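One-based numbering, in listed order, for ligands and for the atoms of each. Bear in mind that the values here come from a model prediction, so they are computed numbers and not experimental data.
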Amino acid sequence: MKIGGQPYRTIFPDADGASVQVIDQTRLPFAFELKRLATSAQAAEAIRTMIVRGAPLIGVTGAYGLALAMREDASNAGIDRAVAELGATRPTAINLRWALDHVAALLRRLPEDERAGAAFAEAGRIADEDVASCRAIGEHGARILSQHAAAKGRRINVLTHCNAGWLATVDWGTALAPIYVAHDAGVPVHVYVDETRPRNQGAALTAFELNAHGVPHTVIADNAGGHLMQHGEVDICFVGSDRTTASGDVCNKIGTYLKALAARDTGVPFYAALPFSTIDWTLMDGVRDIPIEERDAREVTHLTGRLADGGFATVEVVSPGSPVANPAFDVTPARLVTGIITERGVARADAEGLLGLYPERRAAA
Ligand SMILES: CSC[C@@H](O)[C@@H](O)C(=O)COP(=O)(O)O
């Protein structure tokens, strides 16, 4: 997508051929800065500290991290060490595990002196594939939006949670890709953006993206969605996912489940948009089996923002001494999901629906 008229991807190889550049998402929305990652330890740190975040982008960064590791130590022990270090950064998004396993399996079949080059090439291929998948998700999801807009004969209001836009992927995004495609095609779309406490990915990142692309939107406090749905202000919900089970349970940013409950109660369709690399075919019960990342209490107790003089400040907002919990994701059971939009089309949120889109998985199932 374009920033200041210039097209960017969230991650791309540096001109030196030995490192990668990423957009530093901890600096958004107030500063747009690139950061160079030259070692696998730096890639792991970028994922852990959320300089890069969003399930598909974490996966691609992991793949490049493994490529960087091959420049340091291309032995089998080097592969194992890098996979362990990168894989330990964030536990919920399956895309990271998928990308690391995929690249590591390819590397183990090659002589050591070919591994670094092959890993860089494969990370680049995965990045290109992610762009193509997200663009296809955009086309499939935009058809749903234009049908709703045509049926209503007016602007359509979409509610989204967290950031599942191009910043969470390599380009286009998942839940936001249909919005970009529909907006560019002239479908009148307006987006309600959940602020997404505690890290405010909605207020900071989704709003930044929609602003940059000129998509009409309104940022709302996380607790406002149910009220807006009750009053007919939301026509449809689109969210992304960090891991979706083979049975269609959708794990996404904390708070997604509450939006799905409100959507079901008010008859608002609720869609999850995700590429194939987000599906965990080994799991059938997301509530029981998906590991939920527990993050630092400081994300809840403190807020950082820009001051009137342009400086930045971090302030405490919780009564000192109160215990704090910070689960980063929740699981929306498949029964609350109207449909799952992938690069192959729109599936019912159940095992048969997903297998219909991915028939090659039937044998394993
Ligand atoms: C296309 S991204 C889907 C999800 O990764 C997104 O909705 C999300 O929950 C991101 O969480 P984050 O903790 O910011 O990495």
Relative to the ring of His102, is the ring of Trp98 parallel (under 30°), tilted (30 to 60°) or perpendicular (over 60°)? parallel
One pair per line, please: each N/O atom of ligand 1 matched with every protein N/O atom under 3.5 Å away, atom names first, then the distance to 0.1 Å.
unit_1	atom_1	unit_2	atom_2	d
ligand 1	5 (O)	Ala55	N	2.9
ligand 1	5 (O)	Asp242	OD1	3.4
ligand 1	5 (O)	Asp242	OD2	2.8
ligand 1	7 (O)	Asn252	OD1	2.6
ligand 1	9 (O)	Asp242	OD1	2.9
ligand 1	9 (O)	Asn252	OD1	3.3
ligand 1	9 (O)	Lys253	N	3.4
ligand 1	13 (O)	Arg90	NH1	3.4
ligand 1	13 (O)	Arg90	NH2	2.8
ligand 1	13 (O)	Lys253	NZ	2.7
ligand 1	14 (O)	Arg53	NE	2.9
ligand 1	14 (O)	Arg53	NH2	3.2
ligand 1	14 (O)	Gln201	NE2	2.9
ligand 1	15 (O)	Gly54	N	3.0
ligand 1	15 (O)	Arg90	NH1	2.8

Cation-pi between Lys2 and Tyr8: NZ/CZ under 6.0 Å from ring centre and within 45° of the ring axis? no
Passing candidate, side chain to side chain donor-acceptor pair (under 3.5 Å) with Asn163, options Gln201, Arg199, Glu209: Glu209
Please check if atom CZ in Arg48 has more than 12 non-hydrogen atoms from other residues, nucleotides or ligands closer than 6.0 Å. yes
Does the Glu343 side chain pair with the main chain of Ala132, one donor and one acceptor, at a distance under 3.5 Å? no
Got a salt bridge between Arg243 and Asp280, using NZ or NE/NH1/NH2 to carboxylate O under 4.0 Å? yes
